[in-house]
Amino acid sequence: MGLPAPTVTSLPSASGSRPQHGRRADRDTFCAAMSHLPSGVSIITTQSPDGPLGCTVNSVISLSVQPPSLLVSLANTSRTLLHALRTGGFAVNVVSWQQRELYRRFAQGDALRRFDGVAHTLRDGQPVLTHTSAVFTCAVERSIEVGDHTLLVGGPIEAFRDEEADPVVLHRHRAHQLDPQV
């Protein structure tokens, strides 16, 4: 016997009418409100002919457990995106509290110099940062352009975790450490 079909209802807007399609919040208001949504911080890495590349993201989700897959959102103009698509792979490096200074470094500055002095190894052909909370090396399974970003569906080849390395949580543009006692 199967489960009953879910009931789908739409919520009325504050005025009691249906939402107006085509209207959007302005960019600054949207970004300010999104900063209130706590998120994990990861560095997406890949290879290029000039060496390793990477960028900071806070948009990684578990998409499916059977088969395992995850979803990453990268700016359409990202060199990391371009080379992940070219090589067919990338790594998701979940930033640990011990390496929290890296999330800003990989978000700004010269993309070709972000790895200068940063300890990393190659796993499944992808640069993997050391001392991360978790790492997923992935094959690109699909890409979907949405607005100014592209969603990459990754099929994890390998997954690693360090139980001693607490992940960074970003909230209101600041890095926070999880309470290990909770």
Side-chain angles (χ1 to χ4, degrees), residues 34-35 37-65 67-75 78-143 149-182:
M34 287 300 293
S35 77
L37 178 65
S39 64
V41 181
S42 297
I43 296 172
I44 306 304
T45 55
T46 193
Q47 281 289 73
S48 80
D50 298 321
L53 288 174
C55 63
T56 301
V57 302
N58 64 347
S59 52
V60 177
I61 65 167
S62 170
L63 187 59
S64 170
V65 294
S69 63
L70 55 80
L71 185 72
V72 176
S73 177
L74 296 171
S78 166
R79 291 174 50 92
T80 303
L81 170 65
L82 173 70
H83 289 286
L85 291 170
R86 283 185 180 164
T87 64
F90 61 93
V92 176
N93 300 269
V94 179
V95 178
S96 70
W97 183 250
Q98 294 83 349
Q99 61 183 181
R100 63 191 172 276
E101 74 283 347
L102 291 181
Y103 91 88
R104 288 183 200 255
R105 177 182 188 152
F106 278 81
Q108 305 164 342
D110 183 354
L112 296 177
R113 310 228 19 120
R114 290 177 182 165
F115 271 89
D116 288 357
V118 175
H120 65 283
T121 59
L122 284 180
R123 305 269 325 204
D124 300 313
Q126 302 306 322
V128 170
L129 305 177
T130 58
H131 308 298
T132 56
S133 180
V135 173
F136 305 87
T137 58
C138 298
V140 175
E141 293 184 342
R142 187 175 304 155
S143 65
H149 276 64
T150 296
L151 305 175
L152 288 182
V153 176
I157 299 166
E158 293 186 272
F160 310 93
R161 68 185 185 286
D162 180 348
E163 295 294 339
E164 303 298 316
D166 293 328
V168 170
V169 174
L170 198 61
H171 181 248
R172 291 185 171 180
H173 307 290
R174 289 188 304 251
H176 299 273
Q177 184 177 21
L178 296 175
D179 184 350
Q181 303 302 315
V182 177

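Residue numbers start at 1 and run along the sequence shown.
The side chain to side chain contact (heavy atoms under 4.5 Å, CB included) test with Ser143 is passed by exactly one of Val72, Val153, Thr150, Leu151: Thr150. Exactly one of Gln126, Arg86, His83, Arg79 qualifies for a side-chain hydrogen bond (donor to acceptor under 3.5 Å, both in side chains) with Thr46. That residue is Gln126. For the side chain to side chain contact (heavy atoms under 4.5 Å, CB included) criterion with Val41, the lone passing option out of Val95, Val169, Leu102 is Val95.
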Criterion side chain to side chain donor-acceptor pair (under 3.5 Å) on Ser96 and Asp162, from CA distance to verdict: CA-CA 9 Å; Ser96 70; Asp162 180 348; over 6 Å; no

Verdict with supporting geometry, Val92 and Ile44, side chain to side chain contact (heavy atoms under 4.5 Å, CB included): CA-CA 5 Å; Val92 176; Ile44 306 304; 3.7 Å; yes

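Minimum interatomic distance between Glu141 and Gly155 (heavy atoms only, all atoms of both residues): OE2-CA, 3.4 Å. In terms of heavy-atom proximity, Leu53 sits nearest to Ser48 at CD1-CB, 3.7 Å. For the residue pair Phe136 and Ala159, the shortest heavy atom distance occurs at CD2-CB, 3.7 Å. Minimum interatomic distance between Val94 and Gln99 (heavy atoms only, all atoms of both residues): O-OE1, 3.9 Å. In plain terms, the two heavy atoms of Val57 and Ser73 that are nearest each other are CG1-O, 3.7 Å. Here the closest heavy-atom approach between residue Cys55 and residue Ser78 is recorded as SG-OG, 4.1 Å.
Tyr103 is listed as a side-chain neighbour of Leu170, based on a closest heavy-atom distance under 4.5 Å. Ser133 has its side chain out of reach of Arg161: every pair of non-hydrogen atoms, C-beta onward, lies at least 4.5 Å apart. Counting heavy atoms from C-beta on, the side chains of Glu158 and Asp124 come closer than 4.5 Å.
Between the CD atom in Glu164 and the NE2 atom in His131 there is a gap of 13.5 Å [rounded to 0.5 Å]. Note that the CG atom of Leu122 and the OG1 atom of Thr45 stand 9.5 Å from one another [nearest 0.5 Å]. The line from OG1 of Thr56 to CD1 of Ile43 is 4.5 Å long, rounded to the nearest 0.5 Å.
The stretch residues 105-128 participates, sequence neighbours left out, in these ring pair (Phe, Tyr, Trp, His ring centres under 6.0 Å) pairs: Phe106-Phe115, Phe115-His120.
Other residues, nucleotides and ligands contribute more than 12 heavy atoms inside 6.0 Å of the CD atom of Glu101.
In this structure a side-chain-to-backbone donor-acceptor pair under 3.5 Å is missing from Thr132 to Asn93.
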